[in-house]
There are 2 protein chains.
Amino acid sequence: MARTVTERSDVLPLLAEVFREHGYEGASLSLISKATGLGKGSLYHFFPGGKAEMVEAVLAEIDGWFEANVFRPLRAADDPAAVVAAMFTTVGDYFRSGRRVCLVGALSLSDARDRFAGALRDYFARWVEALAGALIRVGHPPEQAGDVAAEVVGGIQGALVLARALDRPEVFTRIVSGLRERCALGEGGSG
Amino acid sequence: MARTVTERSDVLPLLAEVFREHGYEGASLSLISKATGLGKGSLYHFFPGGKAEMVEAVLAEIDGWFEANVFRPLRAADDPAAVVAAMFTTVGDYFRSGRRVCLVGALSLSDARDRFAGALRDYFARWVEALAGALIRVGHPPEQAGDVAAEVVGGIQGALVLARALDRPEVFTRIVSGLRERCALGEGGSG
DNA sequence: TCAACTAAGTACCGATCGGTACAGAAAAAG
DNA sequence: CTTTTTCTGTACCGATCGGTACTTAGTTGA
């Protein structure tokens with residue numbers, strides 16, 4: 001019975017990947033156990049609340065990562081154009097150029113949405129809000145910035161859906177680069 | 001034992017709604033039975049292949065509906081601008097202004113994707129292709145039409161994700177109206 | 001050395017899963 | 001009417017579900 005010095009935070013990325021690949025219902029405890037290398041005893045030691053607590057922990061970590069690497073930079077005042085451009089690079093890498101699913105988006109479409117509604121709403125609301133602020137500083141008309149930001153954040157999610165359905169990850173990168181140009185140009189432009 | 005003169009095609013919309021709300025894994029046979037009013041005996045009479053066949057039948061019906069009401073009109077030669085505009089109205093209604101989930105998109109993000117990969121890919125591929133052709137006839141540069149079409153179809157999917165996560169259906173309608181303007185304007189414009 | 005505590009494996013729980021078998025009622029055919 | 005076919009409800013199957021209880025192995029501190 002090897003004690004594998006595992007900490008709760010060590011298994012979160014593995015957990016996240018299982019939920020990304022199989023969703024909430026599809027990620028059975030046996031799958032989770034296999035993916036993490038932890039037996040039920042260990043899993044329920046770290047997450048007494050079971051699957052629901054596992055998902056919440058994963059969502060919290062994702063939220064923290066985006067807060068630190070995406071939302072907070074967007075809210076920073078310096079060089080908004082560069083910060084917006086960096087956002088696209090960061091999320092492009094995060095989603096593995098379209099090969100990785102967004103867990104928050106996938107949960108939003110599933111019947112687990114109600115259970116985690118708060119976390120899902122928060123994630124997207126803060127993203128849209130932070131991006132809208134940055135777009136205003138870039139020079140977008142304030143009355144349009146909110147809509148553009150929603151279009152961009154939604155566009156990223158839709159690009160993931162489409163790329164995965166078509167099984168063509170490059171669809172994601174192409175759509176995202178189109179969104180990036182829209183943000184840079186403000187409005188109009190030859191694309 | 002009331003024989004409820006049900007035909008297979010009558011239960012498809014009910015089935016579709018169950019899968020939309022609960023996904024493939026989440027839609028248990030007991031839920032399906034409750035939603036359709038049919039016992040297991042009837043369900044397996046109509047769909048000997050079980051859940052998988054039910055989803056395939058639902059996807060086929062959805063595909064047929066979009067083929068008739070969206071894809072084929074897009075391919076028609078007459079008044080492409082009006083046809084593209086009509087597409088947005090049609091899908092806006094179909095998705096109940098953001099209150100209804102796209103089953104094809106939801107399945108694409110779930111672990112059931114591999115099982116129905118062909119149908120999912122087909123649906124989106126034909127949509128993008130038909131829209132791209134219409135955009136060219138509207139006046140979009142042919143070398144950009146494919147990308148714009150992918151951006152629009154993906155944008156619709158993303159709008160559904162975002163509207164559902166935020167629990168604000170109007171987010172869907174706003175994003176979709178933005179996409180409509182992009183299609184009408186070709187490139188450029190003040191938004 | 002020896003408790004005290006924590007980490008982790010295992011067996012098991014009731015419930016539910018998807019699916020099958022079958023009986024029997026309703027409708028159709030004769 | 002009888003026969004046949006088409007439905008449909010019910011009981012049941014083995015498997016697996018999420019979760020609990022309990023035991024054991026390893027670590028820690030005295």
Side-chain angles (χ1 to χ4, degrees), chain A residues 1-59 103 106-107 110-116 119, chain B residues 1-59 103 106-107 110-116 119:
Chain A
M1 214 173 276
R3 172 184 280 228
T4 39
V5 290
T6 346
E7 290 188 24
R8 190 182 136 122
S9 60
D10 292 332
V11 304
L12 284 181
L14 299 169
L15 270 180
E17 216 50 37
V18 180
F19 285 119
R20 253 187 280 269
E21 288 172 14
H22 300 279
Y24 183 71
E25 316 273 348
S28 69
L29 280 183
S30 70
L31 268 176
I32 294 172
S33 180
K34 192 183 300 178
T36 58
L38 295 177
K40 286 190 179 184
S42 309
L43 289 172
Y44 274 85
H45 172 73
F46 289 123
F47 307 97
K51 269 174 76 172
E53 186 173 340
M54 297 180 204
V55 171
E56 276 162 17
V58 166
L59 285 177
L103 177 59
L107 287 177
S110 81
D111 69 335
R113 183 199 69 153
D114 296 344
R115 206 191 283 251
F116 310 107
Chain B
M1 211 175 277
R3 171 183 281 228
T4 38
V5 290
T6 347
E7 291 187 22
R8 191 183 136 121
S9 60
D10 292 333
V11 303
L12 284 181
L14 299 169
L15 271 180
E17 214 51 37
V18 181
F19 285 119
R20 255 188 277 270
E21 288 173 14
H22 301 280
Y24 183 71
E25 316 274 347
S28 69
L29 281 182
S30 70
L31 268 176
I32 294 172
S33 180
K34 193 182 299 176
T36 58
L38 296 176
K40 286 191 181 184
S42 310
L43 288 172
Y44 273 86
H45 173 73
F46 289 122
F47 307 96
K51 269 174 76 171
E53 186 174 341
M54 298 181 204
V55 171
E56 275 162 17
V58 166
L59 286 177
L103 177 58
L107 286 178
S110 80
D111 69 336
R113 184 199 68 153
D114 296 344
R115 207 190 282 249
F116 310 107

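So you know, we letter chains A, B, ... as the sequences are listed, proteins then strands, and number each from 1.
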Discussion item. Quick one: does any side-chain atom of B:Ser110 pair with a main-chain N or O of B:Leu107 as donor and acceptor, under 3.5 Å?
Written reply: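 Confirmed, B:Ser110 side chain pairs with B:Leu107 backbone.
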Discussion item. Looking at A:Lys40 and A:Leu29, would you say the former's side chain and the latter's main chain have a donor-acceptor pair under 3.5 Å?
Written reply: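 A pair under 3.5 Å: no.
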Worksheet item: For the residue pair B:Val18 and B:Ala35, what are the closest heavy atoms and their distance?
Response: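 That would be CG2-CB, 3.1 Å.
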Item to complete: Give a yes/no on whether any side-chain N or O of A:His45 is located under 4.0 angstrom from OP1 or OP2 of C:dA8.
Response: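 No, because none of the side-chain N or O atoms of A:His45 sits under 4.0 Å from OP1 or OP2 of C:dA8.
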Worksheet item: Between A:Ser30 and D:dC17, does any side-chain N or O lie under 4.0 Å from OP1 or OP2?
Response: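 So the side chain of A:Ser30 is within the cut-off, an N or O lying under 4.0 Å from OP1 or OP2 of D:dC17.
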Discussion item. Both A:Gly41 and A:Tyr24 contact DNA chain D. Which one's nearest nucleotide lies toward the 5' end?
Written reply: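 It is A:Tyr24 whose nearest nucleotide is closer to the 5' end.
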Side chain of [X] only, heavy atoms from C-beta on: which candidate in [options] is closest?
{"X": "A:Phe46", "options": "D:dT6, C:dG19, C:dA8", "result": "C:dA8"}
{"X": "B:Tyr44", "options": "C:dG9, D:dG19, C:dG18", "result": "C:dG18"}
{"X": "A:Lys51", "options": "D:dG18, C:dG19, C:dC17", "result": "D:dG18"}

Worksheet item: Which class fits the ring pair B:Phe116 and B:Tyr24: parallel under 30°, tilted 30 to 60°, perpendicular over 60°?
Response: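 The rings of B:Phe116 and B:Tyr24 stand perpendicular, inter-plane angle above 60°.
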Worksheet item: Touch check for A:Ala52, heavy atoms < 4.0 angstrom, all strands: base, sugar-phosphate only, or nothing?
Response: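 The answer is nothing, as A:Ala52 stays clear of every strand by at least 4.0 Å.
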Discussion item. I'd like to know if B:Lys40 reaches the base of D:dG9 with its side chain, counting only an N/O donor and acceptor under 3.5 Å.
Written reply: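 By the distance-only test, no, there is no pair.
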